[in-house]
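Okay, structure first, notes after.
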Amino acid sequence: MAELHNDRFLRALMRQPVDVTPVWMMRQAGRYLPEYRATRAQAGDFMSLCKNPELACEVTLQPLERYPLDAAILFSDILTIPDAMGLGLSFEAGEGPRFAHPVRDAAAVRALGVPDPEGELRYVMDAVRTIRGALAGKVPLIGFSGSPWTLATYMVEGGSTKEYAHVKGMLYGEPGLMHQLLATVADSVTTYLNAQVAAGAQALMIFDTWGGVLTPRDYKAFSLDYMQRIVDGLTREAEGRKVPVILFTKGGGAWLEAMADTGCDGLGVDWTVNLGDARARVGDRVALQGNMDPSVLYAPPERIRKEVATILESFGPGNGHVFNLGHGIHQHVDPAHAGAFIDAVHELSAPYHDPGDDAEPAL
């Protein structure tokens, strides 16, 4: 594998000195970019794009060709695992994902197996290998998965939901069955993420999109405990360096201390949490990633710079910060505004890092 030229992102996650705060954006390869829309049209539909390693590589690299980002993230979808379990995934225009075969009873849960990452999910591993080769060491590659609770929510509901009627009905009415489902999904996620590392991913992120809809008691029992199980089972070193792991629960600001206790390396923080307060709560146990409201990118560039300055000031001097949005970039954002955001992070963060530290400049 090629030598890594810019390792700011990995160094920040390990709370090591950097020259400036690294930055990337959740959903940075996406519909706000006209070149992405063109490639998706070429592929025919979203899942065809995900399942074509060459096109997945192309869209992964598109934002890096526009912006001086400090990491690439695998272009894929969190629903690849339940799709590989045979649940019949489709995407309806304007409606989001749909599963033809929701998992709502004991027979359906028993029928689930752990997908083979080099079998049913080989297209993801081929994409990781292709992207890693094309990056040629420019920046690190992030692999990812959805959390067990988040995947189970889609699997039981059969798609997106605002009421969580089926999944919470199972959680409260048949908790043993829900635990059985989550255990299978957690084993699948662990196997899947380890295969991504073997294929070349240099950091991992677990997206717990729906953890924030749970009570504190249920968050621990039905979401965090299964992320803990995954963290415990992950490959944490490859190619002679640590493979850092980031946990992100949207709406999970109340549980940062418990999340840090899992042994992960970084916590994603959404915009509902003050970053300085989060840092005070977790101390130097983990790095923090975040946390600008994506809607700020609708504002003029000077307002975006001001928000970046506020967040940098909130975190304060020192190591352990990866700048990001608090959730994915919106599809109608002007690409020039995203560029202003990324440039502002690099320009305004330098004073927060001590040039006397032993940070090697990232080229």
Side-chain angles (χ1 to χ4, degrees), residues 1-12 18-46 48-77 123-144 196 199-203 205 289 292 294 296-298 301 304-305 308 322-325 327-349 361-363:
M1 293 290 189
E3 180 184 352
L4 190 56
H5 303 300
N6 173 354
D7 66 351
R8 284 184 191 126
F9 169 72
L10 297 179
R11 291 177 66 88
V18 291
D19 54 338
V20 296
T21 301
V23 57
W24 68 281
M25 296 183 295
M26 286 187 271
R27 226 180 277 146
Q28 64 189 23
R31 289 176 290 178
Y32 74 104
L33 291 176
E35 55 268 38
Y36 168 85
R37 296 195 296 272
T39 306
R40 176 168 167 166
Q42 178 188 344
D45 59 57
F46 176 71
S48 296
L49 179 54
C50 290
K51 292 184 177 184
N52 183 317
E54 288 71 31
L55 293 183
C57 176
E58 183 179 316
V59 295
T60 298
L61 299 182
Q62 284 170 349
L64 297 168
E65 290 160 4
R66 269 189 184 255
Y67 312 119
L69 292 154
D70 293 299
I73 183 164
L74 163 68
F75 180 80
S76 188
D77 191 79
Y123 67 92
V124 179
M125 305 311 141
D126 285 344
V128 172
R129 287 184 277 263
T130 303
I131 296 162
R132 183 67 196 279
L135 281 170
K138 182 178 180 180
V139 294
L141 175 61
I142 306 166
F144 74 93
Q196 290 185 35
Q202 293 155 291
M205 184 159 171
Q289 178 176 278
M292 194 174 86
V296 173
L297 294 178
Y298 291 122
I304 295 169
R305 286 180 64 89
V308 168
V322 173
F323 214 116
N324 206 317
L325 305 175
H327 201 238
I329 186 170
H330 299 166
Q331 64 171 306
H332 299 299
V333 163
D334 183 337
H337 289 201
F341 160 63
I342 293 157
D343 289 343
V345 172
H346 285 151
E347 291 168 18
L348 300 177
S349 65
L363 302 176

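The structure presented is a predicted model; accordingly, all values stated were derived computationally and were not measured.
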task = Would you please test Phe323 and Val308 for side-chain contact (heavy atoms from CB on, under 4.5 Å) and show each step?
result = CA-CA 9 Å; Phe323 214 116; Val308 168; 4.0 Å; yes
Side chains of residues 340-347: which donor-acceptor partners sit under 3.5 Å, not counting sequence neighbours?
from: His346; atom 1: NE2; to: Asp70; atom 2: OD2; distance (Å): 2.7
from: Glu347; atom 1: OE1; to: Arg305; atom 2: NH1; distance (Å): 2.8

With a 3.5 Å cut-off and sequence neighbours excluded, list the donor-acceptor pairs that the side chains of residues 331-338 form with protein atoms.
from: Asp334; atom 1: OD1; to: Ala336; atom 2: N; distance (Å): 2.8
from: His337; atom 1: ND1; to: Leu297; atom 2: O; distance (Å): 2.8
from: His337; atom 1: ND1; to: Ala299; atom 2: O; distance (Å): 2.9

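Under the rule for a side chain to side chain donor-acceptor pair (under 3.5 Å), the partners of Tyr298 that lie at least two apart in sequence or sit in another chain are His330. Applying the side chain to side chain donor-acceptor pair (under 3.5 Å) rule to Gln289 yields the partners Trp24; only residues at least two apart in sequence or on another chain are considered. Taking Arg31 as the reference, nothing meets the salt bridge (Lys or Arg N to Asp or Glu O under 4.0 Å) condition, with sequence neighbours excluded. For Glu35, the salt bridge (Lys or Arg N to Asp or Glu O under 4.0 Å) test picks out Arg66, with sequence neighbours left out. Under the side-chain contact (heavy atoms from CB on, under 4.5 Å) criterion, Ala72 pairs with Thr60, Leu64, Leu135, Val139, Leu141, sequence neighbours left out. For the side-chain contact (heavy atoms from CB on, under 4.5 Å) test, residues two or more places apart in sequence or in another chain that qualify with Ala134 are Cys57, Leu61. When the ring-ring contact (aromatic ring centres under 6.0 Å, His included) test is applied to Phe46, the partners found at least two apart in sequence or on another chain are Phe75, Phe91. In this view, Arg27 and His327, Ile329 satisfy the side-chain contact (heavy atoms from CB on, under 4.5 Å) rule, not counting sequence neighbours. Among residues two or more places apart in sequence or in another chain, the salt bridge (Lys or Arg N to Asp or Glu O under 4.0 Å) test is passed with Asp77 by none. Listed by chain and residue number, Glu58, Gln62 satisfy the side chain to side chain donor-acceptor pair (under 3.5 Å) test with Thr39 (two or more places apart in sequence, or in another chain).
Closest approach of Val20 to Arg8, counting heavy atoms only: CG2-NE, 3.3 Å. Residues Met26 and Asn324 share a closest heavy-atom pair of N-OD1, 3.0 Å. In terms of heavy-atom proximity, Pro140 sits nearest to Leu10 at CG-CG, 3.7 Å. Closest approach of Ser48 and Ala43 over heavy atoms only: CB-O, 3.5 Å. Residue Met125 comes nearest to Gln196 through the heavy atom pair SD-N, 3.7 Å, listed as atom of the first residue, atom of the second, then distance. Across all their heavy atoms, Cys50 and Ala56 have their closest contact at O-CB, 4.3 Å.
A distance of 7.5 Å separates CZ in Arg40 from CG in Asp45, rounded to the nearest 0.5 Å. Atom CD1 in Ile131 sits 11.5 Å away from atom CD1 in Ile142 (nearest 0.5 Å). Atoms CG and CD, on Leu69 and Gln28 in that order, are 4.5 Å from each other to the nearest 0.5 Å.
Residues Phe9 and Leu4 fail the side-chain proximity criterion, which asks for heavy atoms closer than 4.5 Å.
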